[in-house]
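Below is one structure, written out as structure tokens; comments come after it.
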Amino acid sequence: MIETPFNYTGSKFKLLEQILPEFDYTKPYFVDLFTGGGSVYTNVVDKYEKIITNDVIKDLIGIHKCLSDGDDIITETKSICPGKGNPEGFAILRSNYNDNPTPAGLWALMLSSTNNMMRFNQKFKYNQTYGDRGWNANTDKKVELFTNHIRQYKDKIKYISKPFSEVSISSDNIMFYCDPPYKNSEAGYNAYWKNEDEDKLYDYLKNIDRCGSSFMISGVIKHNNVESVLLSKLISDGYRYKELEFNYNKVSRVGKKETTEVIIMNY
């Protein structure tokens with residue numbers, strides 16, 4: 001498995017061995033509707049004729065695209081990353097990014113933030129705290145492995161940044177993978193995800209089904225006794241589902257939690 005060169009809250013990297021065998025590989029086209037850290041599309045890029053990667057966070061998609069194109073973003077990110085022992089530099093970088101956002105600026109912030117995780121407020125301003133960290137030798141290793149892999153397939157990947165509902169369902173030849181934010185989880189990127197978005201996504205998935213394309217949606221159906229209405233509704237509609245095995249208490253910082261993650265498929 002290829003790991004992408006930045007941490008991302010909600011990354012499916014540790015679940016790929018359970019998720020990828022369940023994909024529909026009979027379709028020629030693949031859409032990663034909520035790309036995030038990109039672990040999924042990165043590890044199926046050789047399995048489909050064309051790949052579309054989408055995320056509403058424009059600069060996040062920008063990082064992926066720039067890394068597939070060349071090394072300029074690597075050089076720029078290294079040059080602006082404040083690194084350890086430099087909270088003042090981090091504060092300046094965050095302020096500059098919120099005034100003038102760029103892919104390199106976002107990546108430098110992610111590398112320097114608490115737990116390497118990004119977070120936005122409801123005005124879509126970056127507000128994660130300083131983590132006393134930065135670019136290091138492990139980053140170099142991840143970048144090299146990722147770029148050596150992904151650049152082999154750059155001509156078959158299209159990078160877009162749209163609200164998911166604006167991504168076209170154009171044929172019956174597409175495999176859609178959806179890993180959206182959820183109202184019942186605590187990730188920092190959930191600030192802009194509203195109840196109406198879950199309703200829109202439900203309708204979007206039903207349209208995929210009517211069109212004859214395939215979808216898989218993954219997510220936490222129950223977290224700390226709070227249930228995902230969207231996932232529960234899809235299961236009650238009769239779609240096939242499977243529970244995933246992962247102990248979230250090993251990574252939780254706020255005590256023991258009851259968490260159930262599932263994948264739901266229309267094929």
Side-chain angles (χ1 to χ4, degrees), residues 1 7-24 30-41 43-44 54-57 115 117-120 163-165 167 169 174-211 213-267:
M1 296 291 180
N7 289 353
Y8 192 81
T9 306
S11 171
K12 289 298 178 285
F13 181 74
K14 293 182 179 180
L15 294 170
L16 289 182
E17 290 185 354
Q18 297 177 69
I19 292 175
L20 298 191
E22 302 291 338
F23 275 3
D24 181 359
F30 180 82
V31 175
D32 198 346
L33 198 61
F34 301 86
T35 293
S39 292
V40 173
Y41 90 86
N43 286 283
V44 298
N54 176 69
D55 201 284
V56 72
I57 303 174
N115 298 327
M117 302 301 185
M118 70 176 185
R119 185 179 68 195
F120 294 91
F164 72 87
S165 57
V167 177
I169 306 169
I174 308 172
M175 168 65 199
F176 288 83
Y177 174 67
C178 311
D179 183 39
Y182 286 96
K183 296 302 291 181
N184 65 334
S185 64
E186 300 159 356
Y189 53 76
N190 285 7
Y192 59 89
W193 186 257
K194 309 299 182 186
N195 288 330
E196 53 264 32
D197 292 313
E198 298 216 345
D199 295 335
K200 285 181 182 179
L201 182 54
Y202 175 81
D203 292 338
Y204 188 89
L205 295 174
K206 299 295 279 190
N207 284 335
I208 292 173
D209 195 29
R210 282 190 285 269
C211 183
S213 279
S214 299
F215 73 74
M216 176 195 287
I217 180 170
S218 61
V220 175
I221 191 168
K222 185 174 289 186
H223 176 76
N224 253 6
N225 294 318
V226 180
E227 193 169 89
S228 165
V229 175
L230 169 61
L231 297 180
S232 296
K233 194 173 181 181
L234 289 168
I235 290 173
S236 69
D237 285 344
Y239 292 114
R240 184 168 70 94
Y241 74 98
K242 181 178 179 180
E243 290 190 9
L244 303 179
E245 296 179 6
F246 186 70
N247 186 359
Y248 283 90
N249 290 314
K250 289 183 179 179
V251 296
S252 173
R253 292 174 175 266
V254 291
K256 188 175 181 180
K257 300 177 181 181
E258 295 297 327
T259 300
T260 304
E261 183 139 10
V262 299
I263 49 176
I264 302 172
M265 298 142 279
N266 73 326
Y267 48 89

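Sequence positions, counted from 1, serve as the residue numbers for this chain. Just so it is clear, the structure is predicted and the values come from calculations on it, not from any experiment.
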Glu196 atom CD, over 12 foreign heavy atoms within 6.0 Å: yes
For the residue pair Ile208 and Ser214, establish whether any side-chain heavy-atom pair is separated by less than 4.5 Å. no
Once rounded to the nearest 0.5 Å, what's the spacing between atom CD1 of Ile169 and atom CG of Asn207? 5.0 Å
Side chain to side chain contact (heavy atoms under 4.5 Å, CB included) evaluation trace for Val40 with Asp179: CA-CA 10 Å; Val40 173; Asp179 183 39; over 6 Å; no
Could you tell me whether a side-chain N or O of Glu243 sits under 3.5 Å from a main-chain N or O of Thr260, the two making a donor and an acceptor? no
The criterion is side chain to side chain contact (heavy atoms under 4.5 Å, CB included); which residues satisfy it with Ser165, sequence neighbours excluded? Pro163
Test item: Asp55 side-chain N/O and Ile57 main-chain N/O as donor-acceptor pair under 3.5 Å: yes
May I ask you to check whether Phe30 and Tyr41 place their ring centers less than 6.0 Å from one another? no
Report yes if the side chains of Pro180 and Trp193 come closer than 4.5 Å at any heavy-atom pair, otherwise no. yes
Working to the nearest 0.5 Å, report the span between OG of Ser218 and CE of Met265. 10.0 Å
For Ser232 and Ile221, what are the C-alpha separation, side-chain angles and deciding distance, and is it a side chain to side chain contact (heavy atoms under 4.5 Å, CB included)? CA-CA 7 Å; Ser232 296; Ile221 191 168; 3.9 Å; yes
Is the backbone N or O of Phe13 less than 3.5 Å from a side-chain atom of Asn43, with the two atoms forming a donor-acceptor pair by type? no
Is there a side-chain contact between Leu244 and Ile263 in this structure, where contact means two heavy atoms from C-beta onward sitting under 4.5 Å apart? yes
With a 4.5 Å limit on heavy-atom distance, are the side chains of Lys206 and Tyr202 in contact? yes
Within this structure, what is the SG-CG distance for the pair Cys178 and Leu205, rounded to the nearest 0.5 Å? 5.0 Å
Should the pair Tyr239 and Phe215 be assigned to parallel (<30°), tilted (30 to 60°) or perpendicular (>60°) ring geometry? perpendicular
Step-by-step side chain to side chain contact (heavy atoms under 4.5 Å, CB included) determination, Ile19 to Met216: CA-CA 9 Å; Ile19 292 175; Met216 176 195 287; 3.7 Å; yes
Donor-acceptor pair, distance only, cut-off 3.5 Å: does the side chain of Asn54 make one with the backbone of Leu33? yes
Just so I know, are the side chains of Lys242 and Gln18 near enough to count as touching, which here means a heavy-atom distance under 4.5 Å? no
Students often mix this up, so state it plainly: with edges at 30° and 60°, are the rings of Tyr204 and Phe176 parallel, tilted or perpendicular? perpendicular
Just verifying a value: how many Å separate Ile235 CD1 and Ile264 CD1, rounded to the nearest 0.5 Å? 4.0 Å
Euclidean distance, Lys222 NZ relative to Ser228 OG, rounded to 0.5 Å: 11.5 Å
Does the pair Glu22/Arg240 count as a salt bridge with the N-to-O cut at 4.0 Å? yes
Would you check if the side chain of Asp197 reaches a backbone N or O of Lys194 as a donor-acceptor pair within less than 3.5 Å? yes
Roughly how far, to the nearest 0.5 Å, is CG of Leu234 from CG of Leu201? 7.5 Å
